[in-house]
Amino acid sequence: MILCIDQVIPTELLQRVQATLADVPFRDGRETAGWHARTVKLNQQADGRQPEVAALRQEIATELQRHPLFHMAARPKRMKPLMFSRYEEGMSYGNHVDDAVMGTPQGAMRSDLSFTLFLNDPDSYDGGELLIDSTAGEQTYKLPAGALILYPSSTLHRVEPVTRGQRLAAVGWAQSQVRDPQQREILFDLDTTRRQVFEESGKTRTFDMLTKSLANLLRMWADP
C-alpha cells in the first residue's frame, strides 16, 4: 500500500523547519548510504549533530506518531530518527532499496515502511520526483510542502534529478507492529470503514462489531 497524506505537520512547524534548514550545515549524503547505494546517491543531509536539527526531527516524529492516518497505516513500533535531505541542481538518488535492518546491533530495527515528507513548494523546483517501482509499474510523486508519502521499504525507488531550484524533504523509516503488509492493509481498510460508520451513524451495533473484529485481528497479528 502506498499512501499520500496531506498536511501532516502544522504550518508553523513547517515554516520553522524551512528557516532552520536554510542556516544549518549540510553533509554529503553518501555518508549514510550502504556500499552499493553510495554509487547512485548524490544529495546532501542536514548535520544531525546540530541541536536545532535534532530538536526538529524529534518534533516532527512526535507529530507523525499522533497523526491518526499515519498511525492507522503504519502502526509504528519503532522509528528511525528522521534525516533532512537537500537536492540542488544536478543532484539525484538512483534506483535503490532501503536497508532491511537499520541501526546498530544493540539498537537494530527492521524497516517495514519508508516515508518522505516534502518540505518546500513543488513549483519552486523542477525534477526531484520520487519514483516508486510497484507491481502497477513506475509511479512518480511530487507532493505539496507538508504532505507525506508512506510506502513499503521493500520497493525499488529513486529520486529523479533536480534540474532547477532546490528540493527539501525529511525521510524516515518505521518498524510496524504488524509485519505483514497485506495484514496492515486489511487493518487500515477496516479501521477506515468503522470510522466512517461512526461519523455517519454514531456508536451503532455495526460500529461495535467492526471494532471487535479490528481488535481481535490486532491480537492475532500484532507484535507490540
Side-chain angles (χ1 to χ4, degrees), residues 1-3 5 8-9 13 17 20-21 24-67 70-87 91 93-119 130 132-133 148-159 168-185 187-188 218 221-224:
M1 180 172 68
I2 298 174
L3 183 67
I5 310 174
V8 296
I9 60 174
L13 175 55
V17 171
T20 300
L21 294 183
V24 299
F26 277 72
R27 306 176 68 178
D28 189 334
R30 288 173 292 189
E31 294 178 8
T32 60
W35 62 268
H36 52 92
R38 196 174 297 129
T39 65
V40 295
K41 186 176 185 180
L42 181 58
N43 69 1
Q44 300 169 336
Q45 287 166 187
D47 190 342
R49 298 170 299 183
Q50 302 295 314
E52 57 267 54
V53 173
L56 282 176
R57 67 187 185 188
Q58 181 56 53
E59 193 171 350
I60 291 175
T62 300
E63 290 289 340
L64 292 180
Q65 288 277 12
R66 64 189 184 196
H67 192 284
F70 180 87
H71 193 273
M72 284 168 55
R75 301 196 178 271
K77 178 178 181 178
R78 302 177 64 188
M79 291 175 60
K80 194 172 185 299
L82 294 164
M83 292 193 300
F84 295 106
S85 65
R86 181 172 69 189
Y87 292 78
M91 292 185 175
Y93 195 167
N95 273 336
H96 64 284
V97 62
D98 294 333
D99 289 341
V101 179
M102 298 181 172
T104 63
Q106 296 76 20
M109 61 161 260
R110 184 185 68 247
S111 63
D112 295 320
L113 294 156
S114 304
F115 57 88
T116 297
L117 171 61
F118 291 80
L119 295 174
L130 173 65
I132 300 175
D133 188 0
L148 175 144
I149 180 169
L150 180 70
Y151 58 97
S153 299
S154 56
T155 57
L156 271 174
H157 54 280
R158 67 178 183 265
V159 176
L168 294 174
V171 295
W173 300 266
Q175 178 175 332
S176 179
Q177 294 177 344
V178 179
R179 181 172 185 165
D180 186 277
Q182 292 179 318
Q183 292 173 349
R184 284 199 304 271
E185 186 167 357
L187 293 170
F188 178 80
L218 272 171
W221 296 338
D223 180 21

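What you are looking at is a predicted structure, and each value in this text was computed from that prediction instead of being measured.
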Is it the case that the side chain of S111 and the backbone of S153 share a donor-acceptor pair, with hydrogens and angles ignored and the cut-off at 3.5 Å?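 The answer is no, because no donor-acceptor pair under 3.5 Å joins these two groups.
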Sidechain-backbone polar pair: D99 side chain, M102 backbone, donor-acceptor under 3.5 Å: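 A pair under 3.5 Å: no.
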What heavy-atom pair brings [X] and [Y] nearest, and what distance separates the two atoms?
{"X": "L82", "Y": "A61", "answer": "CD1-N, 4.0 Å"}
{"X": "P76", "Y": "A174", "answer": "CB-CB, 4.4 Å"}
{"X": "S85", "Y": "V171", "answer": "OG-CG1, 4.5 Å"}
{"X": "G103", "Y": "K80", "answer": "N-CE, 4.4 Å"}
{"X": "S154", "Y": "V97", "answer": "O-CG2, 3.7 Å"}
{"X": "T116", "Y": "A169", "answer": "CG2-CB, 3.9 Å"}

Verify side chain to side chain donor-acceptor pair (under 3.5 Å) between N43 and Y93, making sure each step is shown before the conclusion. CA-CA 7 Å; N43 69 1; Y93 195 167; over 6 Å; no
Ion pair K77/D223, N-O distance below 4.0 Å: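 Salt bridge flag = yes for D223 with K77.
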Please round to the nearest 0.5 Å and tell me the distance separating atom [atom1] of [X] and atom [atom2] of [Y].
{"X": "D133", "Y": "T155", "atom1": "CG", "atom2": "OG1", "answer": "8.0 Å"}
{"X": "R184", "Y": "Q177", "atom1": "CZ", "atom2": "CD", "answer": "11.0 Å"}
{"X": "M72", "Y": "H67", "atom1": "CE", "atom2": "NE2", "answer": "10.5 Å"}
{"X": "Y151", "Y": "S114", "atom1": "OH", "atom2": "OG", "answer": "4.5 Å"}
{"X": "M91", "Y": "L42", "atom1": "CE", "atom2": "CG", "answer": "5.0 Å"}
{"X": "F118", "Y": "L168", "atom1": "CZ", "atom2": "CG", "answer": "11.5 Å"}

Full working for side chain to side chain donor-acceptor pair (under 3.5 Å) between K41 and T32: CA-CA 10 Å; K41 186 176 185 180; T32 60; 3.1 Å; yes
Does atom CD (Q182) have a neighbourhood of more than 12 heavy atoms from anything else shown, all under 6.0 Å?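 Check fails, neighbour count at 12 or below.
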Counting heavy atoms not belonging to R30, are there more than 12 under 6.0 Å from its CZ?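 Atom CZ in R30 is not packed in, count stays at 12 or less.
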Do [X] and [Y] have side-chain heavy atoms sitting under 4.5 Å apart?
{"X": "F26", "Y": "D47", "value": "no"}
{"X": "I149", "Y": "I132", "value": "yes"}
{"X": "V40", "Y": "N95", "value": "no"}
{"X": "I60", "Y": "F84", "value": "yes"}
{"X": "L218", "Y": "R75", "value": "yes"}
{"X": "L150", "Y": "I2", "value": "no"}

Please test L56 against L13 for side chain to side chain contact (heavy atoms under 4.5 Å, CB included), starting from the C-alpha separation and ending with a verdict. CA-CA 8 Å; L56 282 176; L13 175 55; 3.9 Å; yes
Are H96 and H157 an aromatic pair, judged by ring center distance below 6.0 Å?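 Judged by ring-centre distance (under 6.0 Å), H157 and H96 do meet the cut-off.
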Step-by-step side chain to side chain contact (heavy atoms under 4.5 Å, CB included) determination, F70 to L148: CA-CA 9 Å; F70 180 87; L148 175 144; 4.2 Å; yes
From CA spacing to verdict: side chain to side chain donor-acceptor pair (under 3.5 Å), D98, W173: CA-CA 9 Å; D98 294 333; W173 300 266; 2.9 Å; yes
I'd like to know whether Q44 forms a side chain to side chain donor-acceptor pair (under 3.5 Å) with R86, so could you lay out the CA-CA distance, the side-chain angles of the two residues, the decisive distance to 0.1 Å, and finally the verdict. CA-CA 5 Å; Q44 300 169 336; R86 181 172 69 189; 2.7 Å; yes
Assess whether side chain to side chain contact (heavy atoms under 4.5 Å, CB included) is satisfied between M79 and F115, documenting all intermediate values. CA-CA 11 Å; M79 291 175 60; F115 57 88; 3.7 Å; yes
Derivation and outcome, side chain to side chain contact (heavy atoms under 4.5 Å, CB included), residues V101 and M109: CA-CA 6 Å; V101 179; M109 61 161 260; over 6 Å; no
Using the test side chain to side chain donor-acceptor pair (under 3.5 Å), find all partners of E52 that sit at least two apart in sequence or belong to another chain.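 For E52, no residue satisfies side chain to side chain donor-acceptor pair (under 3.5 Å) once neighbours in sequence are set aside.
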